[in-house]
Amino acid sequence: MLGVALALIYATTWSIGLIFTRLGLQYAGALQGSVIALIFSLILVGIAAFIMEFDALLSLSLVAFLWFVLIGFMEKALARYANYEAIRRLGVSRASPIGALFPVFATLFAVIFTGEDITIPIVVGLALMVVGTFLLTSRRPQ
Amino acid sequence: MIGNPIFGYGLSFSAALLWGGAMVLVKEGVTDLAPPLVGSAIAIFAGTFILLPLGLTNTRAKFHLSRKVLIFFGIAGLMSAVGTVASFWALKEAPVAVVTPIFSITPLFVLILTHLFLQHLERVTFRIVLGALLMVAGVVIITVFEAL
């Protein structure tokens with residue numbers, strides 16, 4: 001239940017952030033916007049981590065550090081820039097649903113690499129999401 | 001739309017692929033290696049460290065550091081920070097296959113907010129709404145049945 005609640009918090013705050021991103025993209029490019037947003041994120045989370053998890057920061061292993069650096073490279077740098085540029089080109093109402101397909105890939109990767117179970121409701125749910133994406137991206141018949 | 005939409009869709013799919021892979025890495029990381037807040041901070045630091053030089057040297061794109069730019073992207077960054085920590089923590093508490101679909105409710109929220117606040121920039125069509133609703137239906141099915 002806690003995981004579900006936290007996931008809903010993510011969905012809420014992320015969507016608000018995307019609206020402000022769309023507003024900001026009227027005045028700046030995707031790359032610059034990504035950098036500015038990341039700096040603000042870093043200030044907030046960095047201070048929180050320093051205050052609340054100081055011991056964990058000090059005892060962090062090199063493997064752990066590099067692991068999350070890789071995540072940062074994939075998620076915070078590459079994916080964020082691609083998403084911002086997609087929003088600039090397509091608009092947030094078209095770009096965000098496609099970006100939200102990532103559970104399909106996450107589930108596939110989780111099943112393949114970490115042995116998580118894939119159940120029928122998950123398959124049905126993911127299928128609906130794929131159909132929804134198709135509707136979103138396909139052109140209206142002339 | 002700006003430019004070739006296929007390129008835009010390609011970028012969206014690329015982002016989805018990268019996020020999907022990152023979610024699995026996050027799950028393993030926050031379970032075995034570091035607390036969610038620490039992992040979030042390192043990931044955001046790494047992303048900033050990588051993009052900052054590119055952002056400062058990219059002079060082709062339009063850029064004017066105005067108060068509006070700082071406010072809009074500043075709020076986006078703060079919301080993203082809270083969302084990042086929440087997502088890392090969520091992945092610590094529950095399986096990837098349960099949590100990540102819930103993240104996909106985001107398009108529905110985006111559509112509502114777009115209709116309310118961005119009508120001057122974008123038009124929300126019936127097709128877009130239907131597509132987003134189907135995606136949310138998929139999320140509901142996954143979460144309801146996995147919770148039982």
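Naming: A, B, ... by sequence-line order, numbering from 1 per chain.
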Validation row: [X], [Y] side chains within 4.5 angstrom (heavy atoms):
{"X": "B:Leu18", "Y": "A:Glu75", "result": "no"}
{"X": "A:Ser41", "Y": "B:Leu78", "result": "no"}
{"X": "B:Phe88", "Y": "A:Phe68", "result": "yes"}
{"X": "B:Val99", "Y": "A:Val4", "result": "no"}
{"X": "B:Met79", "Y": "A:Trp14", "result": "no"}
{"X": "B:Phe73", "Y": "A:Tyr84", "result": "yes"}
{"X": "B:Leu51", "Y": "A:Leu31", "result": "yes"}

Go through the atoms of [X] and report whether side chain, backbone, both or neither lie under 4.5 Å from a heavy atom of chain B.
{"X": "A:Leu18", "answer": "side chain"}
{"X": "A:Phe54", "answer": "neither"}
{"X": "A:Leu44", "answer": "side chain"}
{"X": "A:Leu8", "answer": "both"}

With chain B as the partner, which of [options] has the greatest number of non-hydrogen pairs under 4.5 Å?
{"options": "A:Ala64, A:Ala49, A:Ala7", "answer": "A:Ala7"}
{"options": "A:Phe65, A:Phe109, A:Phe50", "answer": "A:Phe109"}
{"options": "A:Ile87, A:Leu70, A:Ile9, A:Thr12", "answer": "A:Thr12"}
{"options": "A:Val63, A:Val35, A:Leu57, A:Ile39", "answer": "A:Val35"}

Over 12 foreign heavy atoms within 6.0 Å of [atom1], [X]:
{"X": "A:Leu58", "atom1": "CG", "value": "yes"}
{"X": "B:Ile6", "atom1": "CD1", "value": "no"}
{"X": "A:Phe73", "atom1": "CZ", "value": "no"}

Among [options], single out the residue with the greatest number of heavy-atom pairs under 4.5 Å to chain A.
{"options": "B:Ala41, B:Ser87, B:Ser14, B:Gly74", "answer": "B:Gly74"}
{"options": "B:Gly21, B:Gly10, B:Ala81", "answer": "B:Ala81"}
{"options": "B:Ser40, B:Ala34, B:Ala43", "answer": "B:Ala43"}

Among the clusters formed by ILVMFWY side chains lying less than 4.5 Å apart, do [X] and [Y] turn up in the same one?
{"X": "B:Leu11", "Y": "A:Leu25", "result": "no"}
{"X": "A:Phe102", "Y": "B:Leu25", "result": "yes"}
{"X": "A:Val69", "Y": "B:Val24", "result": "no"}
{"X": "A:Leu78", "Y": "A:Phe105", "result": "no"}
{"X": "B:Met23", "Y": "A:Ile112", "result": "no"}

Does B:Trp19 use its side chain to pair, donor to acceptor, with the backbone of A:Ala79 at less than 3.5 Å?
no

Counting only non-hydrogen atoms closer than 4.5 Å, does [X] touch chain A with its backbone (N, CA, C, O), its side chain (CB onward), both, or neither?
{"X": "B:Pro35", "result": "side chain"}
{"X": "B:Leu113", "result": "both"}
{"X": "B:Val82", "result": "both"}
{"X": "B:Leu70", "result": "both"}

List the atom of [X], the atom of [Y], and the distance in Å for their closest heavy-atom pair.
{"X": "B:Phe109", "Y": "A:Ser15", "result": "CB-OG, 3.3 Å"}
{"X": "A:Gly3", "Y": "B:Ala94", "result": "CA-CB, 4.3 Å"}
{"X": "B:Val38", "Y": "A:Ala56", "result": "CG2-CB, 3.9 Å"}
{"X": "B:Pro5", "Y": "A:Leu90", "result": "O-CD2, 3.7 Å"}
{"X": "A:Met74", "Y": "B:Ala22", "result": "CE-N, 3.6 Å"}
{"X": "A:Thr13", "Y": "B:Gly83", "result": "OG1-CA, 3.3 Å"}

Find the distance between [atom1] ([X]) and [atom2] ([Y]) and round it off to the nearest 0.5 Å.
{"X": "B:Phe45", "Y": "A:Leu38", "atom1": "CZ", "atom2": "CG", "result": "12.0 Å"}
{"X": "B:Leu133", "Y": "A:Leu128", "atom1": "CG", "atom2": "CG", "result": "11.5 Å"}
{"X": "A:Phe113", "Y": "B:Glu28", "atom1": "CZ", "atom2": "CD", "result": "11.5 Å"}
{"X": "B:Thr84", "Y": "A:Ile71", "atom1": "OG1", "atom2": "CD1", "result": "11.0 Å"}

Does a donor on one side chain and an acceptor on the other come within less than 3.5 Å for B:Ser80 and A:Lys76?
no

Relative to the ring of B:Phe72, is the ring of A:Phe20 parallel (under 30°), tilted (30 to 60°) or perpendicular (over 60°)?
tilted

Are B:Lys68 and A:Gln26 close enough, and set up right, to give a side-chain contact (heavy atoms from CB on, under 4.5 Å), and what steps lead you there?
CA-CA 10 Å; B:Lys68 277 185 182 175; A:Gln26 298 176 89; over 6 Å; no

For a side-chain contact (heavy atoms from CB on, under 4.5 Å) check, start with the C-alpha distance between B:Leu37 and A:Met52, then their side-chain angles and the critical distance, and finish with the verdict.
CA-CA 8 Å; B:Leu37 191 53; A:Met52 298 167 68; 4.0 Å; yes

For the side chain to side chain contact (heavy atoms under 4.5 Å, CB included) test, which of B:Thr114, B:Ile112, B:Ile75 pairs with A:Ile19?
B:Thr114

